[in-house]
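Quick notes on the structure that follows.
Everything numeric in this text was worked out from a predicted model, so none of it was measured. Ligands are counted one by one from 1 in listed order, and the atoms in each one are counted from 1 as well.
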Amino acid sequence: MTNPSLLILPGDGIGQEVMAEVRKVIDWIGAKRGVTFDVSEDLVGGAAYDKHGVPLADETMAKAQEVDAVLLGAVGGPQYDDLDFSVKPERGLLRLRKEMDLFANLRPAQCFDALADFSSLKKNIVSGLDIMIVRELTSGVYFGEPRGISEVDGQRVGVNTQRYTEEEIERGARAAFELAMKRDKRLCSMEKANVMESGILWRDVVTEVSKDYPEVELSHMYADNGAMQLVRAPKQFDVIYTDNLFGDILSDCAAMLTGSLGMLPSASLGAPMENGLPKAMYEPVHGSAPDIAGEGKANPCACILSFAMALRYSFDMGEEADRLEAAVEKVLADGVRTGDLLNEEGVKPVSTSEMGDAVIAALDASL
Ligand code: NAD
């Protein structure tokens, strides 16, 4: 049997620092759990631009297509702000998503008990929260044609088009139902079927797909009500499936229920590969944090938790994913905090690498 393969793209700024901590976890799994990953590492974003003059080299793109999963740190930085749009660091990330055809973006919003005070909502509303937002990522109003700004009757008119095919709605819906099957078997689909034809089609197609998943309880909600419900009573949800635009907004809203940017992982999944597992890229939600880059202050948990998602969805190692998530939870419960997680006087923050070491110690203790 061949080893599972992983392409690591640390990128820019704190991407480098947080990825070093994921490396420790990968080494730990090799040494203590007997699973060795074939890990290759390459450049993306500004780091790739500095070396190749483009934010993602063709060879790197080809490698990404071959491996079982890609893990990306972060891209960007002020030194690249004036570059031409076509070679900006973010273009590297977008190229990966587009050419790997990663159509389902998974954003978990999970509230670790030890961090419930960080939420802007009351502790009892968020404590124990564990929801998953699945956002359609490759279509909808961000891509639909016609688009642009033109002059009509003497004034400028801006146009974007919300356009979805049945197939686009269906493949994302299947990804969402599959996830719901592995969780609490509840799926809420959100659109605006009351005012948008694309929403009527969305509701129709999701209802059709639900016939293949009789165990999953399907509900529908208008996306504006969804936004209200997310801050009123977020624990009512298990999996939410929604389009590109609503998903962009609702997932950011849900993310903030849980507190810190340094804790948020994500996954983007595509079609199944030959091994039956989806093509996938995993990345923390945060950016390259130039304000703290190089200072050893970054919280590596979002990147470590992104790797946990890779264990679950790309390597079929759900138990090891549970173990890693529990290790992060234990470290937080023990009061270990990077600077972004501090809101009490007198608590000394740990460094990025001390946080990584604490997770490894918790993994050791779990055996
Ligand atoms: P950011 O996420 O990099 O930082 C926002 C704030 O959160 C900063 O104060 C930062 O110090 C803090 N922060 C973020 N992650 C943290 C962590 N792991 N630990 C501790 N603190 C953390 O967003 P920004 O400042 O708007 O953007 C900075 C650069 O990153 C820009 O070039 C932007 O384009 C890029 N960016 C990249 C991605 C990505 O690679 N997916 C996402 C967002 C922004």
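- Which parts of ligand 1 touch Gly76 is read off a 4.0 Å heavy-atom cut-off, strictly below it: atoms 32 (O).
- A salt bridge is absent between Lys185 and Asp238; no separation between the charged side-chain nitrogens and carboxylate oxygens falls under 4.0 Å.
- With ligand atoms numbered from 1 in the order given, ligand 1 contributes 19 (N) to contacts under 4.0 Å with heavy atoms of Ala298.
- Neither the backbone nor the side chain of Pro300 has a heavy atom within less than 4.0 Å of ligand 1.
- Here the shortest heavy-atom distance to atom 5 (C) of ligand 1, taken over Thr352, Asp12, Leu261, Leu93, belongs to Leu261.
- Listed by number with element, the atoms of ligand 1 under 4.0 Å from a non-hydrogen atom of Glu283 are 41 (N).
- When Pro284, Gly46, Gly287 are ranked by how near their heavy atoms come to atom 2 (O) of ligand 1, first place goes to Gly287.
- In the hydrophobic clustering, where aliphatic and aromatic side chains (Ile, Leu, Val, Met, Phe, Trp, Tyr) are joined below 4.5 Å either directly or transitively, Leu83 groups with Tyr49, Tyr80, Val87.
- Taking atom 35 (C) of ligand 1 as the reference point, the nearest protein heavy-atom neighbour is Val75 O, 3.2 Å.
- One finds a salt bridge joining Asp252 and Arg107 here, because a Lys/Arg side-chain nitrogen approaches an Asp/Glu carboxylate oxygen to under 4.0 Å.
- Contact check on Lys24 versus Asp357 returns a salt bridge, with a Lys/Arg side-chain nitrogen under 4.0 Å from an Asp/Glu carboxylate oxygen.
- Ion pairing of Arg163 with Glu145 is absent here, as no side-chain N (NZ or NE/NH1/NH2) approaches a carboxylate O to less than 4.0 Å.
- Within ligand 1, counting atoms from 1 as listed, the ones closer than 4.0 Å to a heavy atom of Ala74 are 40 (O).
- In this structure, the side chain of Thr352 does not engage the main chain of Glu17 through any donor-acceptor pair within 3.5 Å.
- Atom 14 (C) of ligand 1 has as its closest protein heavy atom His286 CB, 3.7 Å.
- Look at Arg174 and Asp212 and you find a salt bridge, because one of the NZ, NE, NH1 or NH2 atoms lies within 4.0 Å of a carboxylate O, short of that distance.
- Counting only heavy atoms, the protein gets under 4.0 Å from atom 41 (N) of ligand 1.
- For atom 19 (N) of ligand 1, the nearest protein heavy atom (residue, atom name, distance) is Asn299 N, 2.8 Å.
- Atom 29 (C) of ligand 1 has Ser288 OG, 3.3 Å as its closest protein atom, hydrogens excluded (heavy atom only).
- Counting the atoms of ligand 1 from 1 in the order shown, those under 4.0 Å from a heavy atom of Gly77 are 32 (O).
- Distance check on atom 24 (P) of ligand 1: every protein heavy atom falls at or beyond the 4.0 Å cut-off.
- Atoms of ligand 1 lying under 4.0 Å from at least one heavy atom of Gly262, given by number and element, are 17 (C), 18 (N).
- Considering backbone and side-chain atoms together, Lys297 places no N or O closer than 3.5 Å to any N or O of ligand 1.
- Ionic pairing of Arg97 and Glu283 is present here: one or more N-O contacts between side-chain nitrogen and carboxylate oxygen are shorter than 4.0 angstrom.
- Using a 4.0 Å cut-off between a side-chain N of Lys or Arg and a carboxylate O of Asp or Glu, Glu208 and Lys211 qualify as a salt bridge.
- Looking from atom 34 (O) of ligand 1 to the surrounding protein, the closest heavy atom is Glu90 OE2, 2.7 Å.
- The residues Asp322 and Arg312 are annotated as salt-bridged, a charged nitrogen and a carboxylate oxygen being separated by less than 4.0 angstrom.
- Remark: ligand 1 atoms within the under-4.0 Å shell around heavy atoms of Ile292 are 11 (O), 20 (C), 21 (N).
- Distance check for atom 27 (O) of ligand 1: every protein heavy atom is found at 4.0 Å or beyond.
- The pair Asp117-Lys122 does not count as a salt bridge, with every side-chain nitrogen at least 4.0 angstrom from each carboxylate oxygen.
- Ring centers of Tyr241 and Trp202: under 6.0 Å apart, within the cut-off.
- Here the two rings, on Tyr282 and Tyr313, have centers that are 6.0 Å apart or farther.
- For ligand 1, the atoms lying closer than 4.0 Å to a non-hydrogen atom of Ile14 are 15 (N), 16 (C), 17 (C), 18 (N).
- Distance from atom 11 (O) of ligand 1 to its nearest protein heavy atom, with residue and atom name: Asp291 OD1, 2.8 Å.
- Taking atom 3 (O) of ligand 1 as the reference point, the nearest protein heavy-atom neighbour is Ala289 N, 2.8 Å.
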